[in-house]
Amino acid sequence: TDKEPTFVPQHPGIAVSQSSTINTTYVDQSGAVWLGSYRGLYQLDPVSPKFHHYGPGGESDPGFGDNTVRSILMDKQQRLWIGTHAGLLHLSKDRTIAKPVLNATFDGGQPCRALQMDSAGHVWARSERKGLVRFDAKNDHPEFIHTGNSRLTGDRGSTLYIDRQQTLFTGTGVDVIDLSRNRSSLSSEVFITDPSMPFSPTTIVEDEQGTYWAATDNDGLFAFQLERPSFHIRNIEHFPCELEDSSGIAAPYITSIREDRIGNIWFGTYGGGLHRLSKANRHIHQYSMNDGLPNNTVYAIEIDVRDRIWF
C-alpha cells in the first residue's frame, strides 16, 4: 500500500556527526545491510539492533588506508570489495585485513566511486578520474577502459550501473556498453554513445517495468526508455526541482534512487530530504525533518529484504 511511512531511528551507536556521514549503502545476498562512511564500514543486522564497525575505533580496523568508503560489493565468491577515496580493496572474511586491489600502483590513488557485478561474475569499478576497470571473475585480472583505448567519452565520472539485460551505463554522460555480447575482451566497438540524452546522470536505476530513472546533481530526476538494439534514449520525462511546490522535488541534487516492493520510486536529495514517487500518478511526496528525518540531506538509500528503507 501507499500508507505513510514511520521514520524510526536505528543503531544509535553510530554517532551522528560529520565524520560518520553515510556515503553509500549495500544489501548483500544474506540480507545484511552495509554502510560506507568517513569512519570506515558498518555491517547492520536487519532483524536485531546489532551492528559491527570496521574502521578507526571499531571492533577491528582492517587498515583501509583511506577510511572514506565510497562503494561496496559482494561478489559470487562472497568476497567483499570496498571502494575508498584512495582506491579499491578486498576485505578478508574475518573482516580484519583490507588488501589493496586497485590503489596508487594502478590508479594514482584516485577514488573508486562505484562498483557493479555482471552476470558472468566480472567486477566493474569506476574511478573518479581514470576511467573504468573490469576484473576478470576467474583471476581478478584488470582490464582498463579509458578514452585512450575506447570510445569512452570521458575518464571522469561516478556513474556505473548494469541492468537486467546486461547493459552497462557509465561515465559523466551517456556511455553504454552491451555486455550481453559474448566477448573474451572488450574493444572500442562495444561502446555506444547516445548523443540524444539531454542530461548528465550521476546515478541510474532500472525499475521492474524496464523504465530507467536517472539522478542529476543540478537538474532533478529523469525517467526514460532505452531502445534496443540502437541504444537510443526515448520517452524522456523530467521531474525538476520545484521549490514552491510541495508536490514536487525540493532540491535539484538527487543523490540516490531505489524502487520498493510495490513499485514506488524513492530518492534522496542534498538538502531537500527524502522523496517518494508513485509511478501510477507521478505524484511526489516529500519527507523532511518536519516528518521525523534527522537531516534533510540523504546521501544514500537501500531497501532490505523486509522492504524497509535505510538511509
Side-chain angles (χ1 to χ4, degrees), residues 1-2 25-27 29 71 73 76 114-124 126 132 134 153 157-183 186 190-217 219-240 248-249 254-269 274-285 300-305 307 309:
T1 65
D2 278 333
T25 56
Y26 178 75
V27 175
Q29 297 93 318
S71 50
L73 183 138
K76 291 185 176 182
L115 291 164
Q116 288 278 286
M117 182 172 59
D118 63 29
S119 60
H122 304 309
V123 172
W124 296 76
R126 180 76 210 197
L132 186 66
R134 184 189 71 172
T153 55
S158 59
T159 303
L160 181 60
Y161 179 70
I162 300 175
D163 68 13
R164 294 190 299 272
Q165 294 78 31
Q166 295 301 287
T167 304
L168 183 148
F169 299 82
T170 190
T172 56
V174 294
D175 295 323
V176 175
I177 309 174
D178 183 6
L179 301 182
S180 65
R181 303 183 186 186
N182 185 18
R183 297 180 181 273
L186 295 174
V190 179
F191 287 85
I192 303 167
T193 301
D194 189 335
S196 65
M197 188 183 289
F199 54 91
S200 180
T202 56
T203 298
I204 294 178
V205 171
E206 181 190 19
D207 68 20
E208 288 296 323
Q209 285 73 46
T211 296
Y212 295 87
W213 298 85
T216 71
D217 60 8
D219 201 15
L221 183 71
F222 288 80
F224 64 90
Q225 303 290 324
L226 190 65
E227 184 179 278
R228 302 173 190 274
S230 68
F231 292 98
H232 288 162
I233 305 301
R234 295 288 184 263
N235 302 323
I236 297 173
E237 190 174 0
H238 185 201
F239 302 87
I249 298 177
I254 311 299
T255 59
S256 52
I257 308 170
R258 289 293 184 271
E259 180 184 20
D260 68 20
R261 193 173 296 171
I262 63 173
N264 291 315
I265 300 297
W266 293 83
F267 54 97
T269 67
L274 182 69
H275 295 64
R276 181 188 67 191
L277 184 150
S278 171
K279 288 188 291 185
N281 56 18
R282 292 321 202 227
H283 176 74
I284 295 175
H285 194 113
I301 300 174
E302 197 58 75
I303 299 179
D304 67 17
V305 294
D307 207 34
I309 301 167

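Reckoned from all heavy atoms, side chains included, excluding hydrogens, waters and symmetry mates.
Of the possible donor and acceptor atoms, none in the side chain of S278 sits under 3.5 Å from a partner among the backbone N and O of R282. Between the side chain of E302 and the main chain of I309, no donor-acceptor pair closer than 3.5 Å is present. Under a 3.5 Å cut-off, the side chain of T25 and the backbone N or O of I301 do form a donor-acceptor pair. Looking at R261, its side chain does come within 3.5 Å of a backbone N or O of V305 through a donor-acceptor pair. Checked by atom type and distance alone, the side chain of T255 never pairs as donor or acceptor with a backbone atom of A300 at under 3.5 Å. Within the 3.5 Å criterion, the main-chain N or O of H122 finds no donor-acceptor partner in the side chain of K76.
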* To do: Check the pair I204, W213 against side-chain contact (heavy atoms from CB on, under 4.5 Å), reporting the backbone distance first and the verdict last.
  => CA-CA 6 Å; I204 294 178; W213 298 85; over 6 Å; no
* side-chain contact (heavy atoms from CB on, under 4.5 Å) between V123 and L115: does it pass, once the steps are laid out? -> CA-CA 7 Å; V123 172; L115 291 164; 4.3 Å; yes
* Can you list the steps and then say if E259 with K279 is a side-chain contact (heavy atoms from CB on, under 4.5 Å)? -> CA-CA 10 Å; E259 180 184 20; K279 288 188 291 185; 2.8 Å; yes
* Asked: side-chain contact (heavy atoms from CB on, under 4.5 Å) between T167 and R228: does it pass, once the steps are laid out?
  -> CA-CA 10 Å; T167 304; R228 302 173 190 274; 2.7 Å; yes
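Checking T159 against R126 by side-chain atom types alone, no donor-acceptor pair falls below 3.5 Å. A side-chain N or O of Y212 and one of D163 form a donor-acceptor pair less than 3.5 Å apart.
Using bins of under 30°, 30° to 60° and over 60° for the plane-to-plane angle, the ring pair F224/F169 lands in the perpendicular bin.
To the nearest 0.5 Å, atoms CG (D260) and CD1 (I262) are separated by 5.0 Å. One distance of note links NE2 of H275 with CD1 of I257; it measures 12.5 Å at 0.5 Å rounding. Atoms CD1 and NE2, from I249 and H238 in turn, are 7.0 Å apart once rounded to the nearest 0.5 Å. Going from atom CG of N264 over to atom CG of L277 covers 8.0 Å, rounded to the nearest 0.5 Å. Between atom CG of residue L168 and atom CG of residue D178 there is a gap of 10.0 Å, rounded to the nearest 0.5 Å.
Residue I254 comes nearest to T269 through the heavy atom pair CD1-CG2, 3.8 Å, listed as atom of the first residue, atom of the second, then distance.
Checking T211, I233, I236 one by one against Q225, the side chain to side chain contact (heavy atoms under 4.5 Å, CB included) holds for a single residue, T211.
Residues satisfying the side-chain contact (heavy atoms from CB on, under 4.5 Å) criterion with D217, sequence neighbours excluded, are T202, Y253. For Q116, the side-chain contact (heavy atoms from CB on, under 4.5 Å) partners are L160, Y161, I162, not counting sequence neighbours.
Looking at R164 and D118, no side-chain N of the basic residue comes within less than 4.0 Å of a carboxylate O on the acidic one, giving no salt bridge.
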